[in-house]
Amino acid sequence: MKLYFFLLILFFFHPLYAQESYSTEIKRVDSLFTSWAKSNSPGASLGIYKGGRLIYTQGYGMSNLEYDIPIKSNTIFHVASISKQFTNFAVLLLEEEGKLSIEDDIRKHMPGIPDFGKTITISQLMHHTSGYRDQWQLLAIAGWRLDDVITKEQIMRLIENQRELNFEPGSQYRYSNSGYSILARLVEKVSGRSFRQFAQERIFKPLDMQNTHVHDDHEMIVPGRAYSYRPDGNSYKKTVLSYANDGATSLFTTVEDMGKWMNNMLHPSLGESFIEKMRTRGKLNNGDEINYGLGQSVNEYKGLSWAGHGGADAGFRSTVRWYPDHDFGVVVLSNLGSFNPSLKANQITDIFLSEHFVEEEKKEEKPVEAVPISAKDLEKYQGKYVITQYGINFKVEVEKGKLFALLDWSGEKFHLIHLGDNNFLAEEDPNLKLMFKLKKGEIEKIDMLDGSTELDAIPFVNYEVSKESLGKYEGNFYSPELDTFYKIHYTEDGLIASHHRHGNIMLSQNGPHTFSGSAWWMGKIEFVFNKKEELTAFLVGGGRVDNLRFEKVED
């Protein structure tokens, strides 16, 4: 009799039984990945979690195009910022032991961190409200390529040399990888072990995550790993990633191991005292909530609450999210830079949880139906625009009867679906909405909604391009924080910022003394003059860095 019950339990919990139970749903899921399920394409690894276990895992496409190695459920991926929830978990384990409080001033434990004359708490680092400038953009401004070997020691030297914050700690939410590099060093300082060792001993081993590690050594050989790629016309190119750092990124894992992680988030055996704390939204100094907990995005989809995180480095794209009220989760790990794992996660959620969607959300979230509009009428939206908060340019153009937004700084391109009343939605990113405001038939501005972030853009003004108008900005400039120089000089094409590693960056004027750079790391450049109208400096901003100062120096 005991044997009978054992076999019965084994049968019902076996993955093959689960797949059989959801055969209709799984066929629909597989159809979502058809475009990548090829022997000549990078692709993705998928895991679907429901009722306490992974009910389906599958690989689509290739993990290595040079050696024809397919993606499987045990293929190891670099998952980028998904790493952040593990960094927070490590910090919270130390708090549980009484070795720190996340409300502590970070300098209590790490006195070598710069003193900006303001208290920055561990919690603010975890919530991205510390004000620290982002390490990747700082490195890029300093002349680094993101496919350089970048070590944790180099990142910490960069952070320790900073002289200003982006904003008053706790006053804003601004995503900052720097904060998570600091948190990894905090774990090392308090625990006396490397972050990699601590995570291995205290998180991965207890959760039986056998194919997961913190990849802080770019020379380490990892059998079964995927390599990353980007589209190149009708083919692909390898996208090199040589990170030797941790905390903000560099977790290597599989969908199988991430299933174990999701299970602990939903049925905790480790960290039970703080799991709920991790998925509680943080607050700013003024009491406003943000859509971010402790290393986890906290949001809703069609009325259902979810927690999780996404990641993007080189050609790796990843997402993991779970729905606590429905014991359901999805993990999608990809090695193709153009892949959208969040979109796939949403589509899979549609297949499995549609019966639970809130009615109001059902109405709002019906498949977007484009309101017909002629190519001729689309032409009035064409133009070059500037996002006023960041000084970043983008274009809106009509191609083959469709409207597209082209982002200069990232090279991304979005098809804009007409919703009527001069409103558009990005097909590739449903969180991005553009609402054109017209005055006397002309575009006056664009109200933009990127998730919960409100932005606005104005038409780009064509300033005079001449030696007389732009020559006053010429000079050599130096940043002591980054120990790097830029030369600003005029050419027949306009104003150029030259760097010994990056070469020439085109500067397009979009306001009095303000310019947009053609490189993503220099979205906004503002030139500073003294009372005598002498040029003294320029400030770099846009994205995750504000007001980084370059002083004018003698030639």
Side-chain angles (χ1 to χ4, degrees), residues 137 140-143 164 379-397 405-411 439-446 455-543 545-555:
Q137 191 170 353
I141 296 169
E164 292 184 36
E379 290 178 1
K380 66 184 175 186
Y381 303 108
Q382 289 191 122
K384 191 172 183 179
Y385 300 89
V386 184
I387 299 176
T388 57
Q389 288 87 343
Y390 299 137
I392 294 174
N393 295 341
F394 68 96
K395 297 173 185 174
V396 176
E397 296 180 352
L406 296 88
L407 312 185
D408 291 352
W409 68 94
S410 67
K439 187 175 183 179
K440 295 181 179 180
E442 300 290 330
I443 305 297
E444 183 178 32
K445 69 168 185 169
I446 307 174
L455 302 169
D456 56 72
I458 57 175
F460 183 87
V461 176
N462 284 316
Y463 282 79
E464 181 185 354
V465 178
S466 69
K467 176 69 174 177
E468 182 178 4
S469 65
L470 298 178
K472 61 187 174 186
Y473 301 112
E474 291 185 316
N476 292 315
F477 298 82
Y478 175 71
S479 167
E481 297 180 56
L482 302 182
D483 190 22
T484 197
F485 289 88
Y486 279 86
K487 180 180 180 180
I488 307 295
H489 57 105
Y490 172 78
T491 71
E492 290 183 359
D493 295 325
L495 203 63
I496 300 290
S498 296
H499 189 274
H500 73 281
R501 285 204 74 190
H502 289 317
N504 292 339
I505 299 168
M506 192 76 199
L507 304 184
S508 302
Q509 192 165 10
N510 55 35
H513 305 319
T514 62
F515 293 75
S516 295
S518 58
W520 68 267
W521 59 86
M522 294 187 77
K524 182 179 180 180
I525 298 93
E526 181 178 357
F527 289 91
V528 180
F529 291 81
N530 62 20
K531 292 180 180 179
K532 297 179 181 179
E533 296 188 359
E534 298 168 329
L535 179 60
T536 60
F538 71 74
L539 306 176
V540 178
V545 169
D546 283 345
N547 299 321
L548 180 69
R549 192 175 185 89
F550 280 76
E551 299 285 352
K552 188 177 182 186
V553 295
E554 295 297 324
D555 295 345

Can you label the angle between the F538 ring and the Y486 ring as parallel, tilted or perpendicular, going by 30° and 60°?
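Perpendicular: the ring planes of F538 and Y486 meet at over 60°.
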
How close do [X] and [Y] get, counting heavy atoms only, and between which atoms?
X: I488; Y: A497; result: CD1-CB, 3.6 Å
X: A537; Y: L535; result: O-CD1, 3.7 Å
X: R549; Y: P480; result: O-CD, 4.5 Å
X: H499; Y: T484; result: NE2-OG1, 2.6 Å
X: G475; Y: K552; result: CA-CE, 4.1 Å
X: G517; Y: L507; result: CA-CD2, 3.9 Å

Indicate, with yes or no, if the rings of Y490 and Y473 have centres closer together than 6.0 Å.
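Judged by ring-centre distance (under 6.0 Å), Y490 and Y473 do not meet the cut-off.
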
Could you give all pairs that pass the salt bridge (Lys or Arg N to Asp or Glu O under 4.0 Å) test and reach [range], with sequence neighbours left out?
range: residues 512-537; answer: none
range: residues 496-513; answer: D148-R501
range: residues 478-497; answer: R133-E481

What's the verdict on ring-ring contact (aromatic ring centres under 6.0 Å, His included) for H513 and F529, showing C-alpha distance, side-chain angles and the deciding distance?
CA-CA 9 Å; H513 305 319; F529 291 81; 4.6 Å; yes

To the nearest 0.5 Å, what is the distance between [atom1] on [X] and [atom2] on [Y]?
X: K445; Y: I458; atom1: NZ; atom2: CD1; result: 10.5 Å
X: S516; Y: N510; atom1: OG; atom2: CG; result: 4.0 Å
X: S469; Y: Q509; atom1: OG; atom2: CD; result: 7.0 Å

Polar side-chain atom of [X] near backbone of [Y] as donor-acceptor pair, under 3.5 Å:
X: Q137; Y: W521; answer: yes
X: H502; Y: A140; answer: yes
X: E464; Y: S466; answer: no

Which is it for L470 and V465 under the side chain to side chain contact (heavy atoms under 4.5 Å, CB included) test, yes or no, and what are the steps along the way?
CA-CA 7 Å; L470 298 178; V465 178; 4.2 Å; yes

Any side-chain heavy-atom pair from [X] and [Y] closer than 4.5 angstrom?
X: V396; Y: Y385; value: yes
X: K384; Y: S508; value: yes
X: L482; Y: L548; value: yes

Just jot down the ring pair (Phe, Tyr, Trp, His ring centres under 6.0 Å) partners of Y463, sequence neighbours excluded, or say none.
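Checked Y463 against ring pair (Phe, Tyr, Trp, His ring centres under 6.0 Å); zero matches.
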
For F485, the option from F550, F477, Y478 that meets ring pair (Phe, Tyr, Trp, His ring centres under 6.0 Å):
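The option that passes is Y478.
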
With sequence neighbours left out, what residues match N504 under side-chain contact (heavy atoms from CB on, under 4.5 Å)?
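Per chain and number, N504 pairs via side-chain contact (heavy atoms from CB on, under 4.5 Å) with H489, I496, S498.
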
Mind checking what makes side-chain contact (heavy atoms from CB on, under 4.5 Å) contact with E444, not counting sequence neighbours?
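Result, side-chain contact (heavy atoms from CB on, under 4.5 Å) vs E444: K439.
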
State whether a side-chain donor-acceptor pair under 3.5 Å links T536 with N530.
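Checked: T536/N530 side chains show no N/O donor-acceptor pair below 3.5 Å.
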
